[in-house]
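Lettering follows sequence order; numbering is per chain, from 1.
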Amino acid sequence: MTTEVTEIEKGKEFGDPKLYNNVHKIDLQEYYSSGHRTCQGCESALVMRDFIKASGPRTVVTGATGCMYVANTSYMTTPWVVPWMHTQLGGGGASAIGMAAGLRALMRKGKIAKEKINVINFSGDLGGGDMGLGGISNALQTDYDLLVIMYDNESAANTDIQATNLTPYGAQTTFTPTGSKERIMQKRWKKNVAPMLAIGHPNCKYVATACATFPPMDYMNKVKKALSIGGPTFIHTLDPCPKGWDYHPRYSGDLGQLAINTGIWPVYEIVRGEVRYTYDMTSKKRTPVREYLEKQGRFSHFKDEDYQFFQETVDEMWEEWEIPGIAPVKGTLKVRK
Amino acid sequence: MATETVLKDKSVWESEELLTGTDAVAQAVRLADVDVFAAYPIRPYTGVMDRLAKFIADGKFDSEYIIADGEHSQFEIAKHASSVGARAFAGSSGTGWLFATEALAATATDRLPVLALVGNRALDDPGAFGVEHNDAMLVRDLGWLIVWASTAQEALDTTLIGYRVAEDPKVRMPCAVAMDGGYLTHSQHMVKVPTKEAVNRFLPPYDLGSRRMHPDNPISIAPQVNEDWGMEIRRQNWEAAKRAVGVIRKAYQEFEEIFHIGYDNPFFEEFMTEDAETIMVGMGTVTSAAKTAVKQMRKKGDKVGYVKLRWFRPFPSEDLRNVLSKAANVGVIDRDFAHGGPDDAGVLFNDIRAAMYRSKTKPPMIDFIAGLAGREISIEDVVEMYHKTEKAEDQENIVNWVRVREGKASKGKIGE
Amino acid sequence: MATILKTAENSEVSEQAVRRFEVNYRGIFQKTLAYRITKDLVYVAHSEGKTAFSNGRYSDDPQRNGVPCANFAFFSNELSEEELEAFASAKMDIDRADIVSVLDDTMVKGLEPWGHYGIRPINEKVIPGGTLLVVSKRNPEDLIRFLERKPFSYRLAILPGDASFAGLWYYRDDNTDVRMLGAIAKVAPELINFEKTREYVRKTYKTDEKIRAFQEAYDSVSFTEVTPNQGIEWPYPKPVLPAWNEFEEGIVVKAVPNEFKMGPRGLARNPNYKRGTSKTQRPVVRFDICTKCTLCWYDCPDECFDPTPDGLYDVNYEYCTGCGRCAEVCPVNDCIVMVDELNFSDNNSPWESYKKDPLAYTKMAEEKKGKGRMMPSFVTGKGEKTTEITKEVPFKEAKK
């Protein structure tokens, strides 16, 4: 079931996207540049910076309403080097279809030069995982070359931290505050978006989860694979958010790494239906989730029983699911080893 | 005097076919070489998408065709296709059009010349398929050009003219071509279909210039603004809406030069208004009944005339003033409702009355709420409206519901 | 009532009757604290029978960590609520204030809350005879050297203390709220009366600790008069916004040019919004011991490390927001250290001064760093640990 990332890095099956295997070989130029109103230590800013670095300047981008819209185009200024346009909160998938369809028609009719122009939309967890899920689903049903990146900071961070369906169990937000009667208001477990999209969309050859900075280059390589494998593709990133998670901006990288090492955030790719853990936690010892949770103010109200419930649910995901982190099917099903 | 359609130049016509109103628009979309269109089903506009899909299947039309997951996506697709420089088409009806409202508003403020067909339909609840103009009218303040077609030929012509106006660098606003659901969307009429060559002479290629989303033209579109900017941006859009008036006149002029179809005033058609003492104004298919009624009444010596309004946005305030201020009485046929609005009158009535406020002579005006949810408006109905309008002065109620069942039981009982 | 009508009729008289208070703070981690301060001020003023209300600068939302924000409180002895609102707060932002306060003294280096605002002086809104109140452990000269020179005299008041980053969900109450009340009661008795404020603190917080903190601040806040010849010529221009017909229709902004070359400032960046004023600390790099691992550059969410021909990474402090990720990810002990922003007076390229004279640069870097190493807790509200380093990392001669 698992394949070592080094094998994939040959990249042949993706039409040789020239994957990175050494941080010193990463393109030094930025196509998402300095001067954006993102928080100190913002991981989502790195999601932006790295996808466009991996995609290069021959790209058109739309950003759905959310932090990365409002923060990145502060009042008639822009940090973008590539063409970028706002799309409505739930418009992510449709905006990608619109651009891809427009470019394909114009090229076919000889109205613009034929070339490969990458089409990328980014939507947050509120826009992409909740309101825009249907539109993204529709985009993955088309045959256009497009990539939708869902940057997930686990809240509506742009409206000052409200719960979404991707907010983790128990986390404090302004919609799920802790109180004297209800310590835990966020009782929903995080919605598992990437597998849902991978399983339901036959046209979609590539779905992945990632964290911008860990493992190094993993996310950028996934963007490269998604863009070169062809057709509609989807990447879901987990973005530690100093603002909403309430930790010092210095530690975004550490928290991303912890999310992965605790097993809370499985990083994998599903290539033409084949599951590959690009950082394989099925064979590694998982760090207790408490070490991740207690480093964030949003869980500062947790009691032992809360940590325990969280740990048990994560353990179940790795030990009882037929495809850990992906398919919550238990029982006699045997997955190809 | 309305101009008759004369076909001086045969060479501009490809064929003459029996088409529904939506078929006619489909023909225009094909001839306009639209690059991207997005479909989602809702009665009664859907026919246009059925026809375009068949064009694609038969290889008669080269365009990207997307079946969307809802009207919101449908119009987001069109908006973003337009932003990369592709000519885009979409459409909807009733509640579907409302479901897309967020995207419709953004398309207008992004100043992207998407063209949409609105097959007018009553809004839910209760579900109804018949015509009401409220759906299209809901975007009347958002920066959309809105034009009503009342014949299949006019629908085809107006679609071509709509793209020409919307895409003009002085305008760059989206355009809604509205037509009465059922009556025009579904009934078939003989329509002259122009040749591609003639259309190309009239409609230049779509060019967004420095606003096109393309790696060769790196820009950021629609950044978040605060109170330092929003006002200036609205001011720009206001200016564009005003510039549209001149662009519309020019477009109709050149349309006549090429196709010899004359619309002497692009904004509205006047019928027997010169010496008319009583003038009624309406939009859409009620026109056929209204004009026939006018002919009948003229035979009996009634000095009546009719104005068929085409362009609802931009609203031709001054032209209308000039015509209506000459009349002794004015009536307005509203195929819409505006509950609790000024004098509880309809949308069209209040727009016209507002325009008349600046007129030196202010003829008495009365309003007729008619044909809602697709109810018929007969010649007799219109004649009756004219008779009421002739005595507009002594109408104790300026709002009149036409052909609505009144019963003793309902008379002033509710809430008492 | 008569006086109200009289003053309301005459804008100048009314202006005399309006008192404005501004608190400048860092987005998110000082948000709750700033709100508590203006809220308390209004409650106290009401207990004195004054008219008062507060609001936040709406354009600051959504707030971002470190981005300068402001809250306001308005007071009057004469005007009605309506009149006060009309005179004091017709705008989103205000253009003058009797008291301008600052919760993080590094903000004296300038404010740039959003693009096209420019980098503006912290004392821009201080009126003649008004007060700039700063929470700081610095002496007045250390702060005045960053302030814009004004054509008139005003007071610089300093409340001894560190910038309080009290946190969001986990809120640390370090009494900065009541200490600010104490300081304000001292510097602006016309806003809030000492006795009434003390009474309010007692009623509201019900702890001796709070009352002691309030009294201690009242006693310890110090004043200096800043005269017209003090301060600096402000180096940053104030942007002039174009008229509606002076910029392109369709909400279009030209992208950042596709330009890059090796070396300092070799990357094209957003010219209209720089973000450097978000810093409370800046990363100081010991180039001599750098292993060129690239991780500082790779992890920087603000793209402010410029690759150089010799494989080192220069820091563009104009764009650095001081998050500290580079210091966190750097594998070399003491190679990148976060240092108080007030220790620096320019944004020059550190790599260039290192290349000019490696030893001198390294000595300078160590001086600025000092012996203290401050390490924040993960959860911001839980404060930070400061440790003394016993021995410095020696200067390493570059290999020839």
Side-chain angles (χ1 to χ4, degrees), chain A residues 23-24 26 28-46 49 57 67 70-71 73-84 86 157-161 172 178 213 216 242-244 246-255 294-301, chain C residues 27-28 59 61-67 114-117 167-170 247 251 253-258 260 262 267-275 278 292-295 297-304 307 316 318-319 321-325 327-329 338 376-381 384:
Chain A
V23 281
H24 292 89
I26 297 171
L28 290 172
Q29 175 161 12
E30 309 296 343
Y31 305 102
Y32 163 79
S33 193
S34 310
H36 34 86
R37 202 172 183 268
T38 47
C39 290
Q40 296 163 315
C42 176
E43 189 80 1
S44 301
L46 282 160
R49 175 194 178 191
C67 267
V70 174
T73 54
S74 164
Y75 315 117
M76 299 298 263
T77 82
T78 186
W80 291 100
V81 174
V82 297
W84 170 95
H86 174 226
N158 197 54
T159 34
D160 289 338
I161 322 302
Q172 289 183 64
T178 185
T213 44
K243 174 183 178 179
D246 191 15
Y247 63 84
H248 192 284
R250 173 184 182 119
Y251 300 116
S252 294
D254 307 69
L255 283 166
E294 68 190 2
K295 291 183 168 63
Q296 305 168 50
R298 62 175 174 163
F299 298 112
S300 54
H301 58 308
Chain C
I28 300 301
S59 314
D61 292 328
Q63 291 189 8
R64 312 291 180 193
N65 291 64
V67 175
W114 53 78
H116 274 296
Y117 189 86
L168 186 68
W169 305 120
Y170 180 86
F247 63 96
I251 337 174
V253 181
K254 286 271 162 286
V256 174
N258 185 355
F260 172 76
M262 288 292 240
L267 172 70
R269 293 178 160 97
N270 178 357
N272 297 319
Y273 192 33
K274 297 191 173 176
R275 284 298 310 282
S278 299
K292 306 179 180 182
C293 72
T294 77
L295 286 181
W297 169 82
Y298 180 78
D299 256 38
C300 177
D302 291 288
E303 304 80 27
C304 51
N316 184 333
E318 281 189 316
Y319 288 89
T321 64
C323 66
R325 286 188 68 154
E328 177 67 10
V329 78
M338 299 306 290
S377 308
F378 269 86
V379 176
T380 314
E384 57 278 317

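Between C:Y117 and C:W114, the ring-plane angle classifies as perpendicular under the 30° and 60° cut-offs.
For chain A, the option among C:K254, C:E328, C:R269 with the highest count of heavy-atom pairs below 4.5 Å is C:E328. No other option in A:R37, A:E294, A:H24, A:K243 has as many heavy-atom pairs under 4.5 Å with chain C as A:R37. Among A:P57, A:S252, A:A45, the residue with the largest count of heavy-atom pairs under 4.5 Å with chain C is A:S252. Counting heavy-atom pairs closer than 4.5 Å to chain A, the top-ranked of the candidates C:G27, C:P62, C:A255 is C:P62. For chain A, the option among C:T294, C:N258, C:N272 with the highest count of heavy-atom pairs below 4.5 Å is C:N258. Heavy-atom pairs under 4.5 Å with chain A peak, among C:D302, C:V67, C:D61, at C:D302. When each of A:V70, A:T73, A:T38 is scored by its heavy-atom pairs under 4.5 Å with chain C, the top score falls to A:T38. Most heavy-atom pairs under 4.5 Å with chain C: of the set A:D160, A:D246, A:I161, A:D254, this distinction falls to A:D246.
Every residue was checked against the side chain to side chain donor-acceptor pair (under 3.5 Å) condition with C:T380, not counting sequence neighbours, and none meets it. Taking the ring pair (Phe, Tyr, Trp, His ring centres under 6.0 Å) definition, one finds that C:F260 meets it with nothing, sequence neighbours left out.
Using a 4.5 Å heavy-atom cutoff, the side chains of C:R64 and A:C67 are in contact. In this structure, C:C323 and C:P301 have side chains that are in contact, with non-hydrogen atoms separated by less than 4.5 Å. Looking at heavy atoms from C-beta onward, C:L267 lies in side-chain contact with A:S33 at the 4.5 angstrom threshold.
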- Query: Would A:H248 and A:Q40 satisfy side-chain hydrogen bond (donor to acceptor under 3.5 Å, both in side chains), going step by step from the backbone distance to the final call?
  - Reply: CA-CA 9 Å; A:H248 192 284; A:Q40 296 163 315; over 6 Å; no
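Contacts between C:A268 and chain A at a heavy-atom distance below 4.5 Å involve the backbone alone (N, CA, C, O). Residue C:Y319 touches chain A through its side chain alone, counting heavy-atom pairs closer than 4.5 Å. Looking at A:S300, the atoms closer than 4.5 Å to chain C (heavy atoms on both sides) all sit in the side chain, from C-beta outward. Of the two parts of C:I28, only the side chain, counted from C-beta on, holds a non-hydrogen atom closer than 4.5 Å to a non-hydrogen atom of chain A. With a 4.5 Å cut-off on non-hydrogen atoms, C:P257 touches chain A through its backbone but not through its side chain. Heavy atoms closer than 4.5 Å to chain C are found nowhere in A:F299, neither backbone nor side chain. Of the two parts of A:P216, the backbone and the side chain both hold a non-hydrogen atom closer than 4.5 Å to a non-hydrogen atom of chain C. Using a 4.5 Å cut-off between heavy atoms, A:Q29 touches chain C through backbone and side chain atoms alike.
Judged purely by atom type and a 3.5 angstrom limit, A:Y251 uses its side chain to pair as donor or acceptor with the backbone of C:P376. Remark: side-chain polar atoms of C:N65 are not paired, donor with acceptor, to backbone N or O of A:C39 under 3.5 angstrom.
By the 6.0 Å and 45° rule, C:R325 does not stack over the aromatic ring of C:W297.
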